[in-house]
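Only one structure is covered here, and it is reproduced in the block below.
Residue numbers run from 1 in the order of the sequence given.
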Amino acid sequence: MVARQEVSAWRPHVPGVVEVFHAHFTEHAYPMHVHDVWTLLIVDDGAVRYDLNRREHGTPGDTVSLLPPQVPHNGSPATPRGFRKRVLYLDLTQLDESFIGAAVDGPDLVDPLLRRRVGQLHAALADRGGALEAQSRLALVRERLRTHLRPGAVTDARPAGPGVAHRLRELLDETRLLDGVTLDEAAGLLHAHPTHLVRAFSRAFGIAPHQYLTARRLERARGLLLDGHPAGEVAVATGFYDQSHLSRSFKRLVGTTPGRFARGAGGAEASVSSTGHFGGVGNSPADLRERFEGLRQSGSRG
């Protein structure tokens, strides 16, 4: 068999995640080594065998493996076809040193919910515009890991009541619809624990905070597209990272691309004046943001 190696790695702009590492190896074997951060590992194909603290372990596909910092370990393929893995390196703000002993004793966690959440976190981290989603999913993963490592422990804070969910919605609607907000920032402003903030919002409104924020932005983007504005300018005006981020989000919700959506709006061009301005408002991203802000404040539905 010809040895294969596929590797991708990046550092996301999400506090607590030091590195994302995806790899496919057929023959590569890691020698004994250590990290100064936590290693959160899932295997999508094949399996890995490794030694940790002089004990042998393995990672079948339904397992989440959590290797603690400063504890030597190695790794090698456990099947002839090698393995395909996804790894998150998490700093000690996510799990402090007090959890290391429990992780050494039981690094391999068979938990389908945790496995699914880790996969969702990887998907969010691969989306350059998905910071709030990634932060929310990281908070849920961190909570689940702590529950495994320290069963029955008191949670970080008292669960948030429904009032905090409404305050978060007001924050998103009134001041952060365009510029967004990090989960930690929202938690600080609303005096709530990040995980409980996500849970309270989802419980109160049936939708996660990041999904709500995206839906509101897309609602405004639809209006601007129907007015005849280019998708690139609409993306900037409605708070998306770039046009690609708008296109992915738009297609996921609406079922088509912004361009096709706009082309299906008969007569949209007729509302654009010969000066290249709509209703006296310029077409620059700054002008569109100003118009978008006016729509938001007036309560218009775009």
Side-chain angles (χ1 to χ4, degrees), residues 1-95 100 103-104 106-131 133-135 137-138 141-142 144-145 148 241-242 244-245 247-248:
M1 176 182 293
V2 178
R4 294 189 60 187
Q5 176 175 304
E6 300 171 11
V7 171
S8 63
W10 69 95
R11 175 170 291 172
H13 297 293
V14 174
V17 182
V18 176
E19 180 186 319
V20 183
F21 182 74
H22 294 179
H24 178 203
F25 293 125
T26 55
E27 295 184 4
H28 177 68
Y30 292 95
M32 294 299 292
H33 63 285
V34 298
H35 300 286
D36 58 3
V37 294
W38 293 87
T39 302
L40 185 63
L41 164 70
I42 56 175
V43 175
D44 296 310
D45 186 45
V48 178
R49 67 149 308 277
Y50 68 94
D51 298 305
L52 177 74
N53 197 36
R54 301 178 181 176
R55 283 184 287 177
E56 184 175 340
H57 298 274
T59 60
D62 59 350
T63 299
V64 177
S65 296
L66 180 67
L67 311 185
Q70 302 302 334
V71 179
H73 61 275
N74 56 12
S76 60
T79 67
R81 67 178 183 274
F83 59 85
R84 188 181 300 274
K85 68 174 184 176
R86 288 180 286 171
V87 183
L88 298 176
Y89 294 102
L90 307 177
D91 67 26
L92 271 70
T93 64
Q94 304 306 296
L95 296 168
I100 290 177
V104 170
D108 300 317
L109 310 172
V110 180
D111 181 342
L113 176 59
L114 176 61
R115 176 66 172 75
R116 184 168 66 251
R117 285 179 176 174
V118 173
Q120 291 169 335
L121 175 54
H122 274 278
L125 290 167
D127 186 347
R128 296 180 69 183
E133 178 182 359
Q135 291 160 5
R137 296 198 182 282
L138 177 60
V141 167
R142 179 180 62 231
R144 192 78 176 178
L145 290 171
H148 276 286
Y241 183 86
D242 55 18
S244 295
H245 184 209
S247 296
R248 291 192 302 273

If you look only at distance, which donor and acceptor atoms sit under 3.5 Å apart when one is on a side chain in residues 18-25 and the other is two or more places apart or in another chain?
from	atom 1	to	atom 2	distance (Å)
His22	NE2	His122	ND1	3.0
His24	ND1	Arg84	NH2	3.1

Answer yes or no: is there a side-chain heavy-atom contact under 4.5 Å between Pro15 and Gln135?
->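 Yes. Closest side-chain heavy atoms under 4.5 Å.
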Beyond-backbone contact of Pro69 with Ile100, side-chain heavy atoms, under 4.5 angstrom =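 They are in contact (side-chain heavy atoms under 4.5 Å apart), so the answer is yes.
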Check the pair Gln94, Leu138 against side chain to side chain contact (heavy atoms under 4.5 Å, CB included), reporting the backbone distance first and the verdict last.
-> CA-CA 9 Å; Gln94 304 306 296; Leu138 177 60; 3.6 Å; yes
Go through the structure and list residues passing salt bridge (charged side-chain N to carboxylate O under 4.0 Å, His left out) with Arg117, not counting sequence neighbours.
->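 Counting only residues at least two positions away or on another chain, Arg117 forms no salt bridge (charged side-chain N to carboxylate O under 4.0 Å, His left out).
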Non-neighbouring partners of Asp91 that pass salt bridge (charged side-chain N to carboxylate O under 4.0 Å, His left out), sequence neighbours left out |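 Per chain and number, Asp91 pairs via salt bridge (charged side-chain N to carboxylate O under 4.0 Å, His left out) with no residue.
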Identify the heavy atoms of [X] and [Y] that sit nearest to each other, and give their distance.
| X | Y | answer |
| --- | --- | --- |
| Pro77 | Thr26 | CG-O, 3.6 Å |
| Pro31 | His33 | O-ND1, 2.7 Å |
| Thr79 | Gly46 | OG1-CA, 3.9 Å |
| Arg248 | Arg128 | NH2-N, 4.1 Å |
| Pro68 | Val104 | CG-CG2, 3.7 Å |

Among Asn53, Leu66, Thr59, Leu52, which residue meets the side-chain contact (heavy atoms from CB on, under 4.5 Å) test with Pro107?
->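 Answer to the side-chain contact (heavy atoms from CB on, under 4.5 Å) test with Pro107 among Asn53, Leu66, Thr59, Leu52: Leu52.
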Go through His73 and Tyr50 one step at a time and tell me if the ring pair (Phe, Tyr, Trp, His ring centres under 6.0 Å) criterion holds.
-> CA-CA 7 Å; His73 61 275; Tyr50 68 94; 7.1 Å; no
Please set out all donor-acceptor pairs under 3.5 angstrom arising from side-chain atoms of residues 36-45, sequence neighbours excluded.
from	atom 1	to	atom 2	distance (Å)
Trp38	NE1	Leu95	O	2.7
Asp44	OD1	Arg86	NH2	2.9
Asp44	OD1	Arg115	NH2	3.0
Asp44	OD2	Arg86	NE	2.8
Asp45	OD1	Arg81	NE	3.3

Taking only residues two or more places apart in sequence or in another chain, which ones pass side chain to side chain contact (heavy atoms under 4.5 Å, CB included) with Ala78?
->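 Applying side chain to side chain contact (heavy atoms under 4.5 Å, CB included) to Ala78 gives Ala47, Arg49.
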For the pair Leu88 and Val141, evaluate side chain to side chain contact (heavy atoms under 4.5 Å, CB included) and give the outcome as yes or no after the intermediate values.
-> CA-CA 11 Å; Leu88 298 176; Val141 167; over 6 Å; no
Say whether, by atom type as modelled, one donor and one acceptor occur between the side chain of Asp242 and the main chain of His245 under 3.5 angstrom.
->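 Here the side-chain-to-backbone pair exists.
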Taking Asn74 for its side chain and Tyr30 for its backbone only, find out whether a donor-acceptor pair lies under 3.5 Å.
->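 No, the answer is negative, given that no donor and acceptor are paired below the 3.5 Å cut-off.
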Pairwise distance [atom1]([X]) to [atom2]([Y]) - rounded to 0.5 angstrom:
| X | Y | atom1 | atom2 | value |
| --- | --- | --- | --- | --- |
| Phe83 | His28 | CZ | NE2 | 7.0 Å |
| Asp62 | Leu109 | CG | CG | 11.0 Å |
| Asp127 | Glu133 | CG | CD | 7.0 Å |

Going through the checks in order, is the side-chain hydrogen bond (donor to acceptor under 3.5 Å, both in side chains) test met by Ser65 and Asp108?
-> CA-CA 4 Å; Ser65 296; Asp108 300 317; 2.6 Å; yes
For side chain to side chain contact (heavy atoms under 4.5 Å, CB included), just list the numbers for Val7 and Gln5, CA-CA rounded to whole Å, side-chain angles, deciding distance to a tenth of an Å, and then say yes or no.
-> CA-CA 7 Å; Val7 171; Gln5 176 175 304; 4.1 Å; yes
Counterpart residues, ring pair (Phe, Tyr, Trp, His ring centres under 6.0 Å), relative to His148 (two or more places apart) |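 Partners of His148 by the ring pair (Phe, Tyr, Trp, His ring centres under 6.0 Å) criterion come out as none, since no residue qualifies.
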